[in-house]
Amino acid sequence: MEIPSKYNPANSEDKWYSYWLKNGFFHSEPDNRESYTIVIPPPNVTGVLHMGHMLNNTIQDVLVRRARMKGLNACWVPGTDHASIATEAKVVQKLKSEGKSKTDMTREEFLGHAWDWTEKHGGIILEQLKKLGASCDWERTKFTMDKDLSQSVIETFVDLHNKGLVYRGVRMVNWDPSAQTALSDEEVIHKDEHSKLYYLKYIVEDTKEVIFVATTRPETILGDSALCVNPNDPRYTHLKGKRVIVPIVGRSIPIIHDDYVDIEFGTGALKVTPAHDINDYMLGQKYNLEVIDIFNDNGTINDKVGMYVGVDRFDLRKQIAIDLQEAGLMEKIEDYDNKVGISERTGVAIEPKLSMQWFLKMEELSKPALEAVMNDDVALYPSKFKNTYKHWMENIKDWCVSRQLWWGQQIPAYYLPNGGFVVATTPEEALVLAKEKTGNDSLTIDDLRQDEDVLDTWFSSWLWPISVFDGISNPNNKEIEYYYPTNDLVTGPDILFFWVARMIVAGYEYRGEKPFSNVYLTGIVRDAQHRKMSKSLGNSPDPLDLIAKYGADSIRVAMLLCASAGNDILWDETLPEQGRNFSNKIWNAFRLVKNWEVSETIEQPLSSKISIDWFDSLLSKSIKEMSADLDNYRISESLMQLYRLFWDEFSGWYLEMIKPSYQKPIDKATYDATVEFFEKLLKLLHPFMPFITEEIWHFLGERKEGESIMIELLPEVTEIKEPLLTEIEQSKEIITAIRNIRKSKNIANKDSVELKIKGGKLTAESESVILKIANVSSVEVVTKDVAGASSFIVKGIEFYVPLGDNLNVEEELLKMKTELEYTQGFLKSVLKKLSNERFVNSAPAKVVEIERTKQADAEEKINILNDQITKLSNI
RNA sequence: GGGAGCAUAGCUCAGCUGGUUCAGAGCAUCUGCCUUACAAGCAGAGGGUCAGGGGUUCGAAUCCCUUUGUUCCCACCA
């Protein structure tokens, strides 16, 4: 069989993914094994895969595949989120492009379009995940709007209402004029903005006196209902009880005195607009001021004041500035930097607005969730997020859960004909409650009007780890009891509050137990210039293109190598190249082993015997280290450990040590051991690089249909022989020294050299390895000096490579003198420490002992070097 | 405005409770090599007063204080 020298991922990836699917390796059913569960952070149903998903899902797949190979019953539940506001916005936009408008449709018509859209685009992202190699249990794919999941949401709302935790009321909320819905505080992003500070003139009624008021939002003068100054501000004390005229509007409003106003800021006078600012609203309540709501839901001016009707809020700001100036009521305009609340979903400026909404009381609910994280029942990785979490949970506010949208779970509240409402899971139940409440037995379902609003998307996703196993409606079912609590959650820190915190809350409220034990928070994928990846910058590569170009394994390696825990990922295209090169390295090691001719009759060389023994120990040691890393979610480090083990130790050293001469067969014992090592390495690599490892594993041995590396068990740790590891490290040092001599003297590898040893000896095993790798023809222990030789010292033993006339005495002397100087300097620093009485007395005996050994070693080396220099100088 | 984190080779990061090699890795760089698995490779090399300053200690990249820079979270200063 001719194997190409380059690995081609295209030949194996789809093939093996189909094979895994066909054999049902991803599917999990409860059994008597221990479970290992991950629920996917459900991507938006209409989303497409981006680099963030790649990172996130690669990490999840590594964890799941590893758990599976540890013999656990691994279950990774995939699914998508209906993403209420985002999806609705997309559908509205699509309809608009077709000349249709949501406002012209009934709710049912609109939802019809939304479901069409979902069916058309939904699940694309899940198909893309398959290209990455994600081993999700696709038979369990869920959607947050599936019937049973929606049912869970409704039941939860009703339950929380019955517990008295849900209330309805008029509050100042964050209004998104584009989506025309309320948002929760978490959905508002505060952004720095260069804006203007306008100084307006308010004239005191019946006088000529002018009060200057600084504002960033001059358009809100339409809604002014008072002017507020600090009672301790001497500039304004004489104005107590007076009124001022709102510029342009001409309305007379009172002057109120409250120490909320900062004397230092602006002019010390504040215009109060209770309908459009949270602070002004509070002042309004305190002083019983009129609330004048001047905006329509879409951000244009309504007809309340009778001016500028229908003008957009930002157009009005410009217009009113002009009008104020023309009327002589504007003192000046200054540049000003402030923060503006932006809708997380639509990107438009938030308008604080009074409206009737549904809220969930969070204070009591959040207590167990706070404690769980504080005592590491739910462990966050990296743990620095504990602080952030704590701060948020301790200052948690009620959650506005209603959204003025159609796409989502409609709030199960039913209004009664003569006021009041009931909350129930079905209209039928609502009717029963309504009859009880009103005492009116003649009510019918048609008399009840269901609330128009839907619930916040996160009100469904906070149940995700429970609802995917139907644990809300059906709390004692076999699945939820087996898979819950889940093990690991992998997600971005940007949704720590939106989602993670709330899932923990829901977990304790509905299962009395945490939803997961560990939360791995990934970094953000950025480009090499540290810029966030975004469509508009065009710096975000298409993951599918990358997979097509480099192969999924290479992309996975690339993502993981740069993803040290908690740090942002700086992506550039040398990373997948590194992944590809590594794939190729593995492939070529496979080619080497595969092409050997195995002989049952030839004897196993001593060098092979010790090499096998050595690598066996090294492998065990590495397994231990990389497992410890993985257990602590140091995924990048564990992969790097494996990378070096395979590349440097296995390919660079081990294979060279046991490799038969050109076109010679290999003995069976060595061959078998090597194949076994290779298989173990493949198994360790499999969670990171599932495709290439499966491909090679299948060709490395005889495999039957239905066998797969992904369901094999990870290799066990055997005895770690430390002395052997040291011995081989020493041999490597000797080999490297010989290579250096070869290099400086231009001695080709094919020309053998002799090696003389003085002042010690090597074991037969070490010697055999050195003979083989360094192409040494003979090793001889001598007691006399070796003339005409280049020398080096390893662990107090002198080594000589005879060079005859080729030796450059000057050069050799220089080399020795440099080393002597270095060693003397080293000795000096050691002696300095040891001559310090306080060090010798205070430091632990072990540390002092080490220093003494260093001293002895250095002195020995200096003696040898001095000796060698003297002799060489006398030639 | 409040809080948290980070600052170690050109780049990205390790360095666990202060003490085994006068600071490690990967990538990049430089120098040799198309050596019969692999040039997507092999053999080597260079590169850091551990952000600045102070302190604790026999001993500090590691602990404390401080300055500077940087990132993030929270917050109702018009």
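Since the structure is predicted, the reported quantities are computational estimates derived from the model, not experimental observations. Note on naming: letters A, B, ... go to the chains in the order of the sequence lines (proteins, then strands), and numbering restarts at 1 for each one.
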Across the strands shown, which category fits [X] at heavy-atom distances under 4.0 angstrom: base, sugar-phosphate, nothing?
| X | answer |
| --- | --- |
| A:N836 | sugar-phosphate |
| A:Y336 | sugar-phosphate |
| A:R644 | sugar-phosphate |
| A:V272 | nothing |
| A:P493 | nothing |
| A:K659 | base |

What is the distance from [atom1] of [X] to [atom2] of [N], rounded to the nearest Å?
| X | N | atom1 | atom2 | result |
| --- | --- | --- | --- | --- |
| A:H190 | B:C76 | NE2 | C1' | 9 Å |
| A:R591 | B:G41 | CZ | P | 14 Å |
| A:K386 | B:A4 | NZ | P | 15 Å |
| A:W596 | B:C38 | CH2 | P | 13 Å |
| A:Y389 | B:A4 | OH | C1' | 17 Å |
| A:Q578 | B:C13 | CD | C1' | 13 Å |
| A:D572 | B:C13 | CG | P | 12 Å |
| A:L570 | B:A28 | CG | P | 16 Å |

Nearest to the side chain of [X], heavy atoms from C-beta on, is which of [options]?
| X | options | value |
| --- | --- | --- |
| A:M640 | B:U21, B:A25, B:C76 | B:A25 |
| A:E637 | B:C76, B:C38, B:A14 | B:A14 |
| A:Y260 | B:C27, B:C58, B:A78 | B:A78 |
| A:F497 | B:C73, B:A78, B:C38 | B:C73 |
| A:V847 | B:A4, B:G19, B:G41 | B:G19 |
| A:K585 | B:A78, B:U12, B:C42 | B:C42 |
| A:F265 | B:U12, B:A78, B:C58 | B:A78 |
| A:K6 | B:C74, B:C38, B:C58 | B:C38 |
| A:L270 | B:A78, B:A37, B:C58 | B:A78 |
| A:S5 | B:G26, B:G44, B:C38 | B:C38 |

Side-chain-base donor-acceptor pair under 3.5 Å for [X] and [N]:
| X | N | answer |
| --- | --- | --- |
| A:E656 | B:A37 | yes |
| A:K743 | B:A43 | yes |
| A:R580 | B:A40 | yes |

Look at the side-chain N and O atoms of [X] and state whether any lies under 4.0 Å from the OP1 or OP2 oxygen of [N].
| X | N | value |
| --- | --- | --- |
| A:K384 | B:C6 | no |
| A:R838 | B:C58 | yes |
| A:K397 | B:A75 | yes |
| A:S583 | B:A40 | no |
| A:K854 | B:U21 | yes |
| A:N740 | B:A43 | no |
| A:W647 | B:C42 | yes |
| A:H530 | B:U71 | no |
| A:R634 | B:A14 | no |
| A:R217 | B:C77 | no |

Please measure how far the [atom1] atom in [N] lies from the corresponding atom in [M], and state the result in whole Å.
| N | M | atom1 | result |
| --- | --- | --- | --- |
| B:G55 | B:A61 | P | 15 Å |
| B:G10 | B:C50 | P | 13 Å |
| B:G47 | B:A4 | C1' | 34 Å |
| B:C65 | B:U56 | P | 15 Å |
| B:A60 | B:U70 | P | 30 Å |
| B:U29 | B:U12 | C1' | 16 Å |
| B:A51 | B:C42 | P | 34 Å |
| B:U62 | B:C16 | C1' | 11 Å |

With a 4.0 Å cut-off on N to O distance, would you call [X] and [Y] a salt bridge?
| X | Y | result |
| --- | --- | --- |
| A:D376 | A:K386 | yes |
| A:E656 | A:K659 | yes |
| A:E577 | A:K549 | no |
| A:K664 | A:E597 | no |

Quick one, A:E859 with A:K861, criterion salt bridge (Lys or Arg N to Asp or Glu O under 4.0 Å). Give me CA distance, side-chain angles, the key distance, then yes/no. CA-CA 5 Å; A:E859 280 169 349; A:K861 195 164 183 182; over 6 Å; no

According to the Watson-Crick and G-U wobble definitions, with both distances under 3.5 Å, which nucleotide is paired to [N]?
| N | value |
| --- | --- |
| B:C58 | B:G19 |
| B:A28 | none |
| B:C34 | none |
| B:A7 | B:U68 |
| B:G47 | none |

Side chains of A:K815 and A:S790, donor plus acceptor under 3.5 Å: yes

A:W571 six-ring centre to A:R526 NZ/CZ under 6.0 Å and within 45° of normal: no

Would you verify whether the NZ or CZ of A:K196 falls within 45 degrees of the ring axis of A:Y336 while also being under 6.0 Å from that six-membered ring's centre?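 Here A:K196 fails the 6.0 Å and 45° test against A:Y336.
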
Sole residue of A:Y654, A:F650, A:F646 in ring-ring contact (aromatic ring centres under 6.0 Å, His included) with A:F677: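 Going through the options one by one, the only one that passes is A:Y654.
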
Closest approach of A:W392 to A:A501 (non-hydrogen atoms, all atoms of both residues):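 Of all heavy-atom pairs spanning A:W392 and A:A501, the closest is CZ3-CB, 3.8 Å.
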
Would you kindly compare A:Y643 and A:M282 by the position of their nearest RNA chain B nucleotide and give the one closer to the 5′ end? A:Y643

Taking the nucleotide of RNA chain B with the closest heavy atom to each, which residue, A:Y662 or A:S842, is nearer the 5' end?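 Of the two residues, A:Y662 wins.
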
